[in-house]
Amino acid sequence: MTRYSLKLQSIGVLAAAVLLGTAACSATPATTEESGGAAKTGGTLKVLGTGDIDHLDPALTAFVPVTALMRAVSRQLISYKTIDDETERLAPQGDLATEVPEPTNDGLTYTFTIRDGAQWDAPDGARPIVAADFIRGFQRLCSPSQSSPMLGYFYDLIEGMDTFCEGFSGVAPEAAPMKEYIEANTISGLVAVDEQTLEINLNKAAGDFVYMLSLSPASPAPVEVLEYVPDSGEYRANFIASGPYTVESYTPDKSLVLVRNPAWKKESDPLRAANVDGIELTVGLTGDAIMQQLQAGTGDMLFDTAPAPAVVQQLKAAGDPKLSFVASGGVQPNIWINTVSENNGGALKDLTVRQALQYAVDKAAVVQTLGGPDIAVVQNGIFGPGVLGFHEFAPYPSDGGKGDPEKAKELLAEAGYPDGLTLKMPFRSRAGDSEIAQTIQASLEKAGFTIELVPVNPTDYYSKFLIDRDATAAGVWDIAPTGWTPDWQGGAARSVFQPQYTFTGAPQTYNYVDYNNDEANAIAAEAIKATDPDEVAELWAQVDELVLADSPTIPIASSKAILYHSERVQDFTPYALSVQGDWANVWLSE
């Protein structure tokens, strides 16, 4: 992400880069504020999706679509305006903090003033959000019951957090002992100076730190949550909101209903208008059914899916103003290669075989399947357009990105597989993904691979395949299409590299095969400390090339998020973290 110390200078650079990769557009007015007070209150926003949320606990969620939900029910020290202006859309704003502070102590200390009027919807009545709540939120990130997938951002950075977490790891993963440990131990770098002043001390300067504080896992936590195992059924049933909405009911794999949070005060929140009275998220639907409902007006917004390419072409041809695109900086699809299983005698541990896969994929065909160059472009590195570190390079070149099946066959033969290899490739059984999987299959089979496609329920895809360490080791998958959108926007290389391509000895959720490269790690550390945007970009580019030389993944395309909404949704403008319309700021025309 943009380095904070260079915020004004580098955001301009980043915004320009984002625009180059996006042609983002929104046909509707920018924000409630900008619409001249025309917004209406009331009504229920109906959001439709194919799969369920990953977590309801802010400490644990890492699923990009869920950031739209978190925007509605939780607040953080730092967040973003929902606005069309690309520069301002990516600029950090005070949310629960009154302002974005300048660091002191050589960039190691940040002091936040907590906004007046911000309150918890506590069971005993509304109660102010105080500095100690933020400390508790950070403490819960390394809960022994389930650690946050974003813990890695904070573990080595906040002074004393590693020590706290190491001690916490030995605690029984039950509510009572975890509560006892949290209340008896502290993180030395987190200081509640008084109820409205929070001081955070870092081990090393990190220009992107304030952006990390916009992430859902950086949310404060009320004292009552210590009575429950994180994100357990009891936690969900007793959810305590800090945002404008709270949970009325949740039925796994079916629906989530939000209603107004009576403790939230509009005057305490400069970033959320909270126009609608309620929000209903319905999941378990097919992509076709979702689009039919949006066009019929019985549904309003998309959750975890997008219109299929053929539908996008129809909407474009019709000039439908409710269709828009926005850059996410993401790379998808991006094929992960299972280098830990013993399938085929451990063939995928052989770099030459992985290089054969790189040459085999017809990326241009996948781009066409995604909807063509208006929507996606061929991608060769781990950083998408708009992320500092993105650069044009092709370590496994082919004409027009169409793949080189003959080169792939040569490499396969060189590796000892002249008759090819049979590989299992799961994919999410939802609109668009099956077509992409079939396109990948067709190109790989031209190069001598036999691909067994395995359709998987979208909800189970990551939980029962990719992030299940035992399933991965057992070889339930060999290659798998995934996607990654940076956890924040702009200069977000750390949020691409660190969760996916580093291994410190403790398995990370989204580094499915414990990939690691010490040289890349060392250069990444230099990039995080660097202050000049050009130097930052150059260092991350080196990291990109080192990773691709190892070939743990096959970046295929960088695609824009395809957005669509119903006729009655007004002020539909993407929120930076969800790359989707902002539930907390749209309003309904009827």
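Predicted model only: the values in this text are computed from it and were never measured. Computed from heavy atoms alone, side chains included, the values below leave out hydrogens, waters and symmetry copies.
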Donor-acceptor contact below 3.5 Å, side chain [X] vs main chain [Y]:
X      : Y      : result
Asn203 : Asp156 : yes
Thr485 : Gly330 : no
Thr472 : Arg469 : no
Asp550 : Pro552 : no
Asp121 : Asn261 : no
His391 : Gly389 : yes
Thr67  : Val64  : yes
Glu224 : Tyr228 : no
Gln498 : Arg494 : no
Glu545 : Trp540 : no

Could you go step by step and tell me if Glu102 and Thr104 meet the side-chain hydrogen bond (donor to acceptor under 3.5 Å, both in side chains) rule? CA-CA 7 Å; Glu102 292 288 345; Thr104 58; over 6 Å; no

For the ring pair [X] and [Y], is the centre-to-centre distance below 6.0 Å?
X      : Y      : value
Trp336 : Tyr501 : yes
Phe164 : Tyr181 : yes
Trp583 : Tyr245 : no

Please work out whether the ring planes of Phe209 and Tyr110 are parallel, tilted or perpendicular, with thresholds of 30° and 60°. tilted

Please name the pair of heavy atoms, one in [X] and one in [Y], separated by the smallest distance, quoted to 0.1 Å.
X      : Y      : value
Thr197 : Ala131 : O-CB, 3.5 Å
Asn380 : Ala394 : ND2-CB, 4.0 Å
Ser551 : Gln358 : OG-NE2, 2.9 Å
Pro333 : Pro481 : CB-CB, 4.4 Å
Phe303 : Gly51  : CE2-O, 3.5 Å
Ile556 : Val361 : CD1-CG1, 3.9 Å

We want to know whether [X] and [Y] form a side-chain donor-acceptor pair, criterion being a heavy-atom distance below 3.5 angstrom.
X      : Y      : value
Arg354 : Thr339 : no
Asp54  : Tyr462 : no
Tyr250 : Asp52  : yes
Asp514 : Asn516 : no
Ser214 : Gln76  : no

Would you compute the distance between atom [atom1] of [X] and atom [atom2] of [Y] and round it to the nearest 0.5 angstrom?
X      : Y      : atom1 : atom2 : answer
Met161 : Gln139 : CE    : CD    : 8.5 Å
Met70  : Ser79  : CE    : OG    : 13.0 Å
Tyr80  : Tyr211 : OH    : OH    : 7.0 Å
Asn201 : Ile187 : CG    : CD1   : 12.0 Å
Ile129 : Ser268 : CD1   : OG    : 8.0 Å
Gln119 : Arg75  : CD    : CZ    : 10.5 Å

Step through the shown structure and confirm whether more than 12 heavy atoms of other residues, nucleotides or ligands are within 6.0 Å of [atom1] on [X].
X      : atom1 : value
Asp194 : CG    : yes
Glu195 : CD    : no
Glu183 : CD    : yes

Taking C-beta and beyond as the side chain, do [X] and [Y] meet within less than 4.5 Å on heavy atoms?
X      : Y      : result
Asp487 : Met150 : yes
Phe134 : Leu190 : no
Tyr510 : Thr482 : no
Thr509 : Pro499 : no
Tyr396 : Leu548 : yes
Leu198 : Leu77  : yes
Phe112 : Pro101 : yes
Ile114 : Val130 : no

Audit row: Asp57, Gln146, side chain to side chain contact (heavy atoms under 4.5 Å, CB included) steps and yes/no: CA-CA 11 Å; Asp57 190 332; Gln146 188 174 1; over 6 Å; no

Please report the C-alpha distance between Gln196 and Asp116 in whole Å, then the side-chain angles of each, then the deciding distance to 0.1 Å, and finally whether the side chain to side chain contact (heavy atoms under 4.5 Å, CB included) criterion is met. CA-CA 8 Å; Gln196 285 190 276; Asp116 281 331; 2.6 Å; yes

For the pair Phe497 and Asn521, evaluate side chain to side chain contact (heavy atoms under 4.5 Å, CB included) and give the outcome as yes or no after the intermediate values. CA-CA 9 Å; Phe497 177 73; Asn521 294 345; 3.3 Å; yes

So, Arg115 and Asp269, do they make that salt bridge, N to O below 4.0 Å? no

Begin with the C-alpha distance, continue with both residues' side-chain angles, and end with the deciding distance and a verdict on side chain to side chain contact (heavy atoms under 4.5 Å, CB included) for Asp95 and Leu213. CA-CA 10 Å; Asp95 183 355; Leu213 298 178; over 6 Å; no

Only one of Arg71, Arg89, Arg272, Glu88 passes side chain to side chain donor-acceptor pair (under 3.5 Å) with Thr82; say which it is. Arg71

